[in-house]
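Here the structure comes first, spelled out in structure tokens, and everything after it is commentary.
Worth knowing before you read on, the calculation uses all heavy atoms, side chains too, and leaves out hydrogens, waters and symmetry mates.
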Amino acid sequence: MLKTVDLRAPIFLVPGRKLHEGIVKQRKDHPALPRGLDEIVTDLSARGDGVPVTFTPWEGSDTGFSLQLHTDAYVVKLGLSRRGDAYHVNWAAPLRLREHDKLARGCLLVRTVWRPVPEIRQVPQGADAGWNGMLQAWHKLQSELGDSAGTPELETQHTRFLDALDRLNDAVHRLSVDNAGRLPTFPYRAVEPVGERRYSAAGMYRFHIVGGVTPERNAFVQVRGEPDQRGHVTRVTDGKVTVRFDRQVDWERLAQQGELMPTVTDVAYAKRREAIALLRARQARNSSLLDVLVDHHVQPIDTVRAEPGEELDPDQLAAFRKSLGVRDLMVVLGPPGTGKTRAISQMARAHALGAGRGSVLIASHTNRAVDNVLAKLPRDVLVVRMGNESKIDPDARPFLLERWAADLRDELIAATGSTLGRYAGVPHAREWHIELERRIAKLTEALATEHELRAEWTAHRRATGGQAQQNVERLAARIAELERTAIGVRRKAERLGLRMARAGRRLPVLGLLTDAVARSRQRRLAAAGARLTALSEEASTTQQALSQAEAEVERVTRGVPAVRDARARLDQAVREGEQRRDEALTAASALARALGPVLPVPPVDGTAEPGATGQALDALSTFHARLGPQLQLLAARAAVLADWREDIAGDTEQLHPELIRYADVVGATCIGAASRAEIADEEFDLVIIDEAGQIATADVLVPLVRARRAVLVGDHRQLPPIVEHEVLASLGEAGRDPEVRALLQRSTLENLVGALPGSHVDMLTQQRRMPRTVADFVSEAFYGGKLQTMVTRVHDDGVFASPLAFVDTSDLPEAKRRERRAEQGTENSAEAHLLCRLATHYHTRGKEWALIVPYAAQRRLVVSRLQEHIPDQDIVESGVGTVDSFQGGERDVILYGFTRSNPAARVGFLDELRRANVAFTRAKQQLVLVGDLEMLSRAQDPGFRELVGRLHEHVLADGDLRRSTDIWHRLGELAP
């Protein structure tokens, strides 16, 4: 859809600060890019029908949008000047398939005069950039596109919902920026490259930090004064910090001494804002999305009787079939261990490979959740993973877009190398083609000389041969006449034969008449045969007479000097012609051999027999003429193939759009589903969002607006997006807004569970992860007794007598077991010491373990102590975490410490009971809880106090309750 905008005033364009630098970097790979602003203006002015224009949300602009101008070969991004009188040209990039798709959906066609200006101060006074007119036209176009897509008009409640999301997004972003500004900087004295093989283009460097204070792992930092040199910390070891930059960083431009500054990424903020803008503009792929999220109106689910690729239990099968028939959105509740990942993988496979269905987007808040699903997908599904390689599970890295592109590049290089090898003879063939042309010219000249000398020899023989020469000419003329007559008779006989054959295949519908015609043709055919026999006999007799006559002429003229000299010259010319013929045939053979690997060439239809030189010339000339155009085409193909091979041997990004386009399933985090340009404008048939219960609404919208249908999978009984009171308080006025608080504290999934009809909410109930003792408590405490345990395991643990154990620290002196305040929360030294000892015990016995604590401060304390016993930093870092970081994971042994122990029985944010649900449900074999049971049992919060009371009763009945001193003694006995 197009909307034409005619602007009367000219538009002035000013080069942005980094326009020239950006173009120079790209032009070696993309020579079609302009050399500068003057060339951009020339290309824009050349479009007489108007320049295609689109608007894109842009957080770096006061207007909230940037402007894109499209030429035939590239796209230019503009930013409005402060006075609104001109545009800064910020960058130019090649026009890719995604831009073509965007233009096909709808754009403005702007007609105006484009004027380049070197500096903003040279823009004429009173100039108008036409921004408001174009933006109004753009909004009108978006409204018309929404009408054509059948998207309902926004109602008051929809606008209020989107306004609240914008306020929340802005408040969280301001908070992140403020927090980063209060963090210390990290001076460094040296930098070195990290020599790890990576498939992404970003650079990795190791910084030697001075001063003893280092950034935390996964923190975002940038080199002071260099906003483009920004990345995240992947490793911290002995004062050395490894940073993976967001983009390729030139070693020459990286200062060897300087400071790393804490920073925040604007990507999440921008993509949330973009998703909200798409909903406002009614451009979401799911036209019913706001009706579902705000009004809770859904369309009926179609009945589909499809079968999964793997066996599913009844609950999983019901959810699977509904997902195939959902028209807008449905919810699948998957309590821990109920196989939601298996169900998701079968949904994705059936959608991706089913007839008439499109590609699937798998998204979640965490990389781990995405990777878990992708690892379960069958091999017949083409999977592409988007994301940061260092944050992706090793099992999912083979699916990385960059790795697919690198592997495809290697295959293409190998294939094109083999093909180019076959083209290696083309240059030699072109040389032989030129040489053949030269030799054909010499052969033509030799044959012309032979023809002249033969005519001279014949004239001398005629002048001196008398009656004998006349007899030769008469007999030769008669032989030629007999040959012509025989050709005519033979053609008539062939025609008669064909008619008789056709007549024999037809039905004899005419009876006697048909037989008569056949007998007549048979007689005529026999007469023709007799005639040919007579002509052949006469020709044979005449040929004998001709031979005798030529012998007589030879005898009569043998002694004549003129005839003898003419004959000698003729024989020399014949030999010269035969030599030229052989040379030309040699060149033709060499030409055919050179082309053989890429173009099989039939041999020249020539012969080396005496007297056949003229026949060879005709065949050679035809051969040469036929191969000329083919050689040009082959040379052009070889050049294109060589250029293309050189292109793909370098940057693989040009392969990315096609890999995405042909992928069955794409996996990414919610923000990652829009932050990469390759998929930002991609349209999906279905999005499946895992762990949706812990994803904030603003984040979950990012993938939801990109698919026509959606399935939210998660657990509303586990952690919501954000629950910390400190975060709400720090948001200031926005945190006191009830609509903002609701969006912050409750996920979209949680809001929908009680609001959507039962047909659109399915629950999985058969759990196969936890031991029965653990699962029974979880089922009664959190899921109304609905969970069914489908597995039975034999308990085998050298420390505890039950899969559910509670180690009570209330047997320790009060001063020893108490908590203490620390930066970023609370820590408890006694619990940390015991938890580290238990983790070391299970680690030495080869168990897959995880140690979970509620507070970041307690985690830091545990990590520092545990590294004294387990020196592998990666194992410790991945094995110790807060509750939030382990949601969605599972381990053989889960160690959980409550941390809180104080006289006032305050439990802080442990009053969010879903934290306990998350921690307890990670265990596959053994769950060990460590805490001050006496204090926890009298907690101030009634809900938490009730939960601990029920837990205490359950442990007494089916678990193992132990004093901490007993466990220390038992671990001492088991220590090597």
I'd like to know if the side chain of H795 reaches the main chain of F800, judged simply by a donor and an acceptor atom lying under 3.5 Å from each other, with no hydrogens or angles considered.
yes
If I compare all heavy atoms of P703 with all of I689, which pair ends up nearest, and what's the gap?
CG-CD1, 3.7 Å
Pair R709 + D685: basic N to acidic O under 4.0 Å
yes
Taking all heavy atoms of P314 and all of Q766, pick out the closest pair and write down the distance.
CD-NE2, 3.9 Å
If the threshold is 4.0 Å, N to carboxylate O, is there a salt bridge linking E274 and K271?
yes
Look at K786 together with D315 and state whether they make a salt bridge at an N to O cut-off of under 4.0 Å.
no
With no hydrogens and no angle check, is any side-chain donor or acceptor of R708 less than 3.5 Å from a backbone partner on E683?
no
Around H365, counting heavy atoms of other residues, nucleotides and ligands shown, do more than 12 lie under 6.0 Å from its NE2?
no
Could you measure the distance from the CE atom of M770 to the CZ atom of R922? Nearest 0.5 Å is fine.
8.0 Å
Under 3.5 Å, is there a donor-acceptor pair between the side chain of Q283 and the main chain of V705?
no
From CA spacing to verdict: side-chain contact (heavy atoms from CB on, under 4.5 Å), H954, D776:
CA-CA 9 Å; H954 190 78; D776 288 348; 4.1 Å; yes
side-chain contact (heavy atoms from CB on, under 4.5 Å) for I695 and T748? Distances and angles first, verdict last.
CA-CA 8 Å; I695 306 175; T748 295; over 6 Å; no
Flag, side chain of T366 to backbone of A369, donor-acceptor distance under 3.5 Å
yes
Heavy-atom closest pair, residues L929 and F920:
CD2-CE2, 3.4 Å
Let's go through D295 and Q157 carefully: what are the C-alpha distance in whole Å and the side-chain angles of both, what is the deciding distance for side-chain contact (heavy atoms from CB on, under 4.5 Å) to 0.1 Å, and is it a yes or a no?
CA-CA 8 Å; D295 304 322; Q157 67 272 23; 3.0 Å; yes
Gap separating the CG atom of L749 from the CG atom of L333, nearest 0.5 angstrom:
6.0 Å
Here's one to test your reading of the geometry: is the NZ or CZ of R915 within 45 degrees of the ring axis of F909 and under 6.0 Å from its centre?
yes
Does atom CG (D874) have a neighbourhood of more than 12 heavy atoms from anything else shown, all under 6.0 Å?
yes
Restricting to non-hydrogen atoms, name the atom on M386 and the atom on I392 that form the minimum distance, rounded to 0.1 Å.
O-CD1, 4.4 Å
I would like to know whether L329 and L756 meet side-chain contact (heavy atoms from CB on, under 4.5 Å); could you show each step before the answer?
CA-CA 10 Å; L329 186 146; L756 294 184; 4.2 Å; yes
Please state whether the rings of F777 and F782 are parallel, tilted or perpendicular, taking 30° and 60° as the class boundaries.
perpendicular
What is the distance from atom CG of D797 to atom CG of D892, rounded to the nearest 0.5 Å?
11.0 Å
Under 3.5 Å: donor-acceptor pair, side chain of R321, backbone of T303:
no
Can you name the closest pair of heavy atoms from V702 and R706 and give their distance?
O-NH1, 2.8 Å
If we ignore hydrogens and angles and just use 3.5 Å, is the side chain of D762 paired with the main-chain N or O of V332 as donor and acceptor?
no
Just wondering, do V666 and S359 contact through their side chains at under 4.5 Å, heavy atoms?
no
Could you tell me the separation between the CG atom of L312 and the OG atom of S345, rounded to the nearest 0.5 Å?
8.0 Å
Does E310 come within less than 4.0 Å of R349, counting only side-chain N to carboxylate O?
no
Is the shortest distance from a Lys or Arg side-chain nitrogen in R160 or E155 to a carboxylate oxygen in the other one below 4.0 Å?
no
Could you check whether any side-chain N or O of K322 sits under 3.5 Å from a backbone N or O of V761, counting only pairs where one atom can act as donor and the other as acceptor?
no
Let me confirm one number: the CG-CZ distance from N751 to R746, rounded to the nearest 0.5 Å.
4.5 Å
Would you say I875 and H843 make side-chain contact, with heavy atoms under 4.5 Å?
yes
Rounded distance [0.5 Å steps], CG in D371 versus CG in N367
6.0 Å
Is a side-chain donor or acceptor of Q346 paired with a backbone partner of G309 at a separation under 3.5 angstrom?
yes
Quick one: does T765's side chain have a donor or acceptor within less than 3.5 Å of a partner on Q788's backbone?
no
In sequence, state the C-alpha distance, the side-chain angles, and the governing distance for Q926 and K847, and then conclude on side-chain hydrogen bond (donor to acceptor under 3.5 Å, both in side chains).
CA-CA 10 Å; Q926 181 74 55; K847 292 288 187 179; over 6 Å; no
Taking every heavy atom of R385 against every heavy atom of T669, the minimum-distance pair comes out as NH1-N, 4.4 Å
R272 and D699: salt bridge (Lys or Arg N to Asp or Glu O under 4.0 Å), yes or no, with the steps?
CA-CA 6 Å; R272 294 175 192 133; D699 286 348; 2.4 Å; yes
For the pair R891 (side chain) and G879 (backbone), establish whether a donor and an acceptor sit closer than 3.5 Å, ignoring hydrogens and angles.
no
